[in-house]
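Just so it is clear: chains get the letters A, B, ... in the order the sequence lines come, proteins before strands, and each one is counted from 1. Atoms considered below: every heavy atom in the structure, side chains included; atoms not considered: hydrogens, waters and symmetry mates.
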Amino acid sequence: MTIRIHSTASRGKVDFEPLEPGRVLFYNCGPTVYDHFHIGNARNFVVMDVIRRHLRHRGFDVRFVQNITDIDDKIINRAREEGKTPQEIAQTYTEYYFNRSGLLGVEPADVHPRATEHIPQIIGLVERLIERDLAYSTPSGDVYFRVREFKPYGELSGRNIDDLREGARVDPSEEKEDPLDFALWKASKPGEPQWDSPWGPGRPGWHIECTAMIHTHLGETIDIHAGGSDLIFPHHENERAQSMGATGQEYVRHWIHNGFLNIEGEKMSKSLGNFRTIEDVLAEFSPLTVRFFLLSAHYRNPLDFSRENLAAAATALRRLTDCLTETANTLRLLGVEDGSPEAEWIAKYDEAMDDDFNSQRAIGVIFELVADVNERRAKRDPDDSDRASLANGLATLRTLCDLLGLDPALDQRGDSSGVNPELAAFAEEIGATPSEQTEEAILQSLIERRAAARKERDFATADAVRGRLGEMGYILQDTAHGTTWKRG
RNA sequence: GGCGGCGUCGCCAAGUGGUAAGGCAGAGGACUGCAAAUCCUCCAUCGCCGGUUCGACUCCGGCCGCCGCCUCCA
């Protein structure tokens with residue numbers, strides 16, 4: 001029953017034990033809002049959303065925080081390029097983030113703190129580190145963390161200081177005591193955003209904001225800290241050094257990092273220029289398909305993005321959504337009321353997800369259930385027990401999809417607005433008499449009109465109904481219990 | 001150079017000391033006025049070479065290939 005979780009620091013699975021039983025303090029490194037996020041970023045958002053959902057499903061009171069980095073070199077540069085202020089850039093892409101992640105079914109976090117709203121806390125943290133001699137300011141107003149003074153440095157990412165020193169790059173303009181030291185506070189250059197500080201006007205370094213926001217919104221020791229694998233070093237290693245240096249306490253009990261989304265076998269990244277924004281991908285594939293695809297590999301493994309892989313995901317997903325809608329249709333035709341989820345299937349799902357959030361295995365369970373439900377539905381002369389079983393199967397399937405956030409409604413936004421005039425016209429033309437002018441009613445009348453035609457062996461009319469509806473994007477299906485429709 | 005990961009059916013992808021989930025694609029059959037869906041059946045011995053073991057895809061060693069981090073990056 002315990003959840004096993006792979007911890008980056010120990011490089012193995014351990015039992016998940018939150019600091020306070022029943023409660024989870026969970027932080028995910030969120031977006032830097034300077035551009036459209038790419039499909040690789042989306043993987044992190046979706047995967048962590050699913051982990052959060054599973055922990056909640058397993059009874060934990062989860063407090064989930066995901067920051068918005070709204071001050072940073074990239075934002076400043078972007079603003080300069082576009083002749084806007086950094087605030088405007090941050091505002092634009094923050095809205096973009098919420099909008100697009102919402103399309104993918106990512107629930108908003110409990111708190112989305114912004115770096116710029118935590119300057120006092122950041123300054124306080126830096127002061128604490130200076131008091132402890134773990135940080136120092138320079139004549140030009142920068143403040144650096146003294147890496148060599150923090151003995152556990154490197155434990156998270158599995159490297160040692162001496163190895164690092166050889167590879168460390170030194171920017172001649174920096175006044176570091178040691179090349180490994182990293183910036184906690186940067187003196188601002190003319191024209192850049194700045195805040196007053198004991199060291200002069202400046203802005204926070206990258207790593208410090210996360211630590212300050214975690215301390216503010218979750219506490220000095222948290223249960224889970226997540227991010228992409230590329231954040232392990234130096235970002236998370238540095239965060240750990242800052243926090244433990246300042247508090248003397250453990251910072252994070254379980255570090256988790258998702259693998260990369262690759263494109264043609266190589267990491268997708270802004271710097272390589274081979275990235276696909278979520279915008280590009282959603283132009284070709286539905287939100288649900290994208291979400292399903294992103295969950296189709298274990299979160300720590302690489303996942304290769306390609307049109308073929310997305311297309312295969314779309315086909316697979318269709319099998320699932322067809323089962324959902326067609327089973328619902330069958331139950332409606334049979335007049336069976338809703339069932340309730342089956343514990344044994346939920347348990348199989350839990351077993352998969354409890355094992356380090358293995359969404360691929362969970363999806364495997366879902367497809368086994370799909371086959372099972374299809375088999376139940378294929379039964380020719382269902383008795384009461386068969387009907388109840390089918391209803392329960394559907395309820396179970398819906399529950400499992402919901403746990404992964406695979407909500408068919410993600411693909412139906414806007415579909416309900418208005419009735420296709422062509423559809424109404426066709427109904428009138430062929431003599432169907434809808435009870436009201438809704439899509440549902442018109443289709444129902446057409447199905448009845450067609451049934452009448454079939455009864456008279458007027459297959460020309462019957463096929464015309466199927467044919468025209470097909471052109472309009474509806475598929476009619478004749479089942480043992482009547483005719484149903486679905487979108488093509 | 002240092003550190004780490006990966007290599008499973010045509011493709012994607014789980015798993016792991018006792019003879020390999022699931023999806024896509026494919027083959028055959030059933031159902032069917034048409035169509036779609038669905039059902040049934042079939043479809044891998046796990047990069048290579050050694051070793052440990054009653055038994056390895058799973059553990060150990062070597063080799064080959066691919067990828068990541070070490071610099072902003074999910």
Would you say [N] has OP1 or OP2 under 4.0 Å from some side-chain N or O of [X]?
| X | N | value |
| --- | --- | --- |
| A:Asn358 | B:G15 | yes |
| A:Lys267 | B:C69 | yes |
| A:Arg159 | B:G4 | no |
| A:Asn374 | B:C39 | yes |
| A:Asn309 | B:C24 | no |

A:Asp372 CG to B:C40 C1', straight-line distance once rounded to whole Å: 15 Å

Distance in angstrom units between A:His38 NE2 and B:A74 P, rounded: 6 Å

Plane angle bin for A:Phe145 and A:Phe182 - parallel if under 30°, tilted between 30 and 60°, otherwise perpendicular: parallel

Parallel, tilted or perpendicular: ring planes of A:Phe357 versus A:His54, cut at 30 and 60 degrees: perpendicular

Under 3.5 Å donor-acceptor, A:Glu237 side chain and A:Ser157 backbone: yes

Test item: A:Cys401 and A:Leu324 side chains (from C-beta on) under 4.5 Å apart, heavy atoms: yes

Counting Watson-Crick and G-U wobble pairs only, both distances under 3.5 Å, name the nucleotide matched with [N], or none.
| N | answer |
| --- | --- |
| B:U53 | none |
| B:A36 | none |
| B:A21 | none |
| B:C48 | B:G62 |
| B:C42 | B:G26 |
| B:G68 | B:C3 |

Stacked cation flag A:Arg52 on A:Phe26, 6.0 angstrom / 45 deg: no

Within the structure shown, what part of the strands sits under 4.0 Å from [X] by heavy-atom distance: base, sugar-phosphate, or nothing?
| X | value |
| --- | --- |
| A:Gln360 | base |
| A:Phe260 | base |
| A:Asp463 | base |

ring centroid sep under 5.5 Å plus plane angle under 30, A:Phe459 with B:G33: yes

